[in-house]
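Please read the structure below before turning to the comments.
Keep in mind that the numbers below use all heavy atoms, side chains included, and drop hydrogens, waters and symmetry copies.
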Amino acid sequence: MEYIDLITLDDLRILAEKREEYCVSLYMPMQRMAKETRQNPILLKNLIGKAEEELIALGMRRPEAGGFLKKARSYLGEGPFWQHQSDGLAMFITRDDTRAFRVPVPFTDLVVVTDRFHLKPMLALFTGDGRYYVLALSQNEARLFHCTRYSAHEVRVDGMPRGLADALKYDVLEKHLQFHTRTPAIQGGGRAFSSGAKEGKRPAIFHGHGSGTDDEKDRIMQYFLQVDRILQKVLYRDQAPLVLAGVEYLFSIYRAANSYQYLLDDGVGGNPEILKPEELRQQAWAVVAPHFSETQAKAGERFMQELGTGHASKDIKEILRGASQGRVDTLRLWLGGRWECKFVPVGLQVWGVFTNGGVHVHEKEEPGDEDLLDVAAIQTVLNGGTVYAVKPEEVPGGSPLAAIFRY
């Protein structure tokens, strides 16, 4: 049974492009307190029941609707699925597939049945004003947290080394010699990294307060190169800031191993093993908050400067047509999109139809309509751009949305 703790741009792309006669989108908040977690499968059961009634109302016979939702109902009895909670659950169901994502967004419970998936609640995971990662590094473990300004959720990363000893346990000597001949030793001072390992677990490797030998630094570098290689499989299409948490001596070594371009210069110092996820989130937020504010302010100023030059627009038809052109002309959609950033207002809809043939805006919602602001935001994210979700009065230019063009 598949359940995922991190939704990627590839996942979002697959969901956004799906078109079938019946697509069920299901969102629900998840209780995380021990005494309240029993409510989670009950709520899911009720939402699946609601989805069944909606399918029947759209013309399905009850046995057919029951079969359509069979896999979704199988999650109700899946013990391991409910043992690890996040803030929200999103489930997307078609006749042949069911995908479940546990994500750090406390959704409002919602069921939508139409010919495409309803993705608006997921956009909170991809906006550019509050989503970031924390990589907590120590000798004993490497952990990745997906954070917002309100929540922190540990991401299960397949293949992540469980610490320095785990990273070096196979062919240690051969790998170290190969590495040592390829990579110059990293210079630097600071405290040596001591393990703090509990008795009976991995033995401590470094002791004392010196800067450590070149050999020790090479071993740490080898460990960090493995961490970076695994993270690239998870983050390779992401643009969220990454904050390091660990003993400061390790920061320069990891930066030399790092290949993720959105790693921030500042980090959270100290031993991350003794910090709870919420404590890591709070300390990391102090690092990323100024980054978010500065980036968004600069984007707003640039929009006003570029408006009227052909490099910015507040016309929804022009923006949607441009997004469509970017998708068609680019093989790697996530790199080749036309949009650099976009401001999208929260709590506002513009109803209409967007097809390859054009954009039709309606004063009121009509059958087959979709929120064109959501379409613009999703296409921007999929094309590698940045979306800022703001209040309507905070959109520069006094329009429902504002876009800056890359070219």
Spacing of [atom1] belonging to [X] relative to [atom2] belonging to [Y], to within rounding of 0.5 Å:
X: I14; Y: F117; atom1: CD1; atom2: CZ; result: 10.5 Å
X: L263; Y: L135; atom1: CG; atom2: CG; result: 8.5 Å
X: Q282; Y: L275; atom1: CD; atom2: CG; result: 10.5 Å
X: Y133; Y: L242; atom1: OH; atom2: CG; result: 9.5 Å
X: M60; Y: L55; atom1: CE; atom2: CG; result: 5.0 Å
X: L225; Y: Q222; atom1: CG; atom2: CD; result: 8.0 Å

| message | Under the criterion side chain to side chain contact (heavy atoms under 4.5 Å, CB included), I'd like the reasoning laid out for M122 against F107: C-alpha separation, chi angles, the key distance, then a yes or no. | response | CA-CA 9 Å; M122 300 295 284; F107 299 122; 3.8 Å; yes
| query | Take atom CZ in R19; do more than 12 heavy atoms of anything else shown fall under 6.0 Å from it? | reply |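 Result for CZ/R19: enclosed.
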| task | Mind checking side chain to side chain donor-acceptor pair (under 3.5 Å) for E52 and listing every partner two or more places apart, or none if nothing turns up? | result |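 Listed in chain order: R73.
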With a 4.0 Å cut-off on N to O distance, would you call [X] and [Y] a salt bridge?
X: K18; Y: D97; result: no
X: E273; Y: R143; result: no
X: R281; Y: E278; result: yes

| said: Quick one, Y254 with D228, criterion side chain to side chain contact (heavy atoms under 4.5 Å, CB included). Give me CA distance, side-chain angles, the key distance, then yes/no. | reply: CA-CA 9 Å; Y254 187 82; D228 176 72; 4.1 Å; yes
Answer yes or no: is there a side-chain heavy-atom contact under 4.5 Å between [X] and [Y]?
X: T295; Y: K298; value: no
X: L231; Y: N258; value: no
X: Y236; Y: D10; value: yes
X: R62; Y: E53; value: yes
X: D369; Y: V353; value: yes
X: D87; Y: H153; value: no
X: L43; Y: P29; value: yes
X: L44; Y: M91; value: yes

Closest non-hydrogen atom pair, [X] against [Y]:
X: A256; Y: M221; answer: CB-CE, 3.5 Å
X: S138; Y: Y223; answer: O-OH, 2.9 Å
X: P161; Y: V227; answer: CG-CG2, 3.8 Å
X: P241; Y: V288; answer: CB-CG1, 4.4 Å
X: H362; Y: G352; answer: ND1-CA, 4.0 Å
X: L250; Y: F224; answer: O-CE1, 3.7 Å

| field | Test side chain to side chain contact (heavy atoms under 4.5 Å, CB included) applied to Y249 and I220, step by step | value | CA-CA 11 Å; Y249 161 68; I220 295 173; 4.0 Å; yes
| said: Is the ring pair Y27/F92 parallel, tilted or perpendicular, if the boundaries are 30 and 60 degrees? | reply: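 Perpendicular, since the angle between the ring planes exceeds 60°.
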Please confirm whether the backbone N or O of [Y] pairs with a side-chain atom of [X], one donor and one acceptor, at under 3.5 Å?
X: D266; Y: V287; result: no
X: N40; Y: Q31; result: yes
X: Y262; Y: D238; result: no
X: Y132; Y: A289; result: no
X: D115; Y: E21; result: no

| query | Should W351 and K364 be marked as a side chain to side chain contact (heavy atoms under 4.5 Å, CB included) after you check the CA-CA gap, both sets of side-chain angles, and the distance that decides it? | reply | CA-CA 7 Å; W351 297 108; K364 297 181 180 180; over 6 Å; no
| query | If we ignore angles and hydrogens, is there a donor and acceptor under 3.5 Å between the side chains of E279 and Q283? | reply |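 There is no such pair (donor and acceptor under 3.5 Å, judged by atom type) between the side chains of E279 and Q283.
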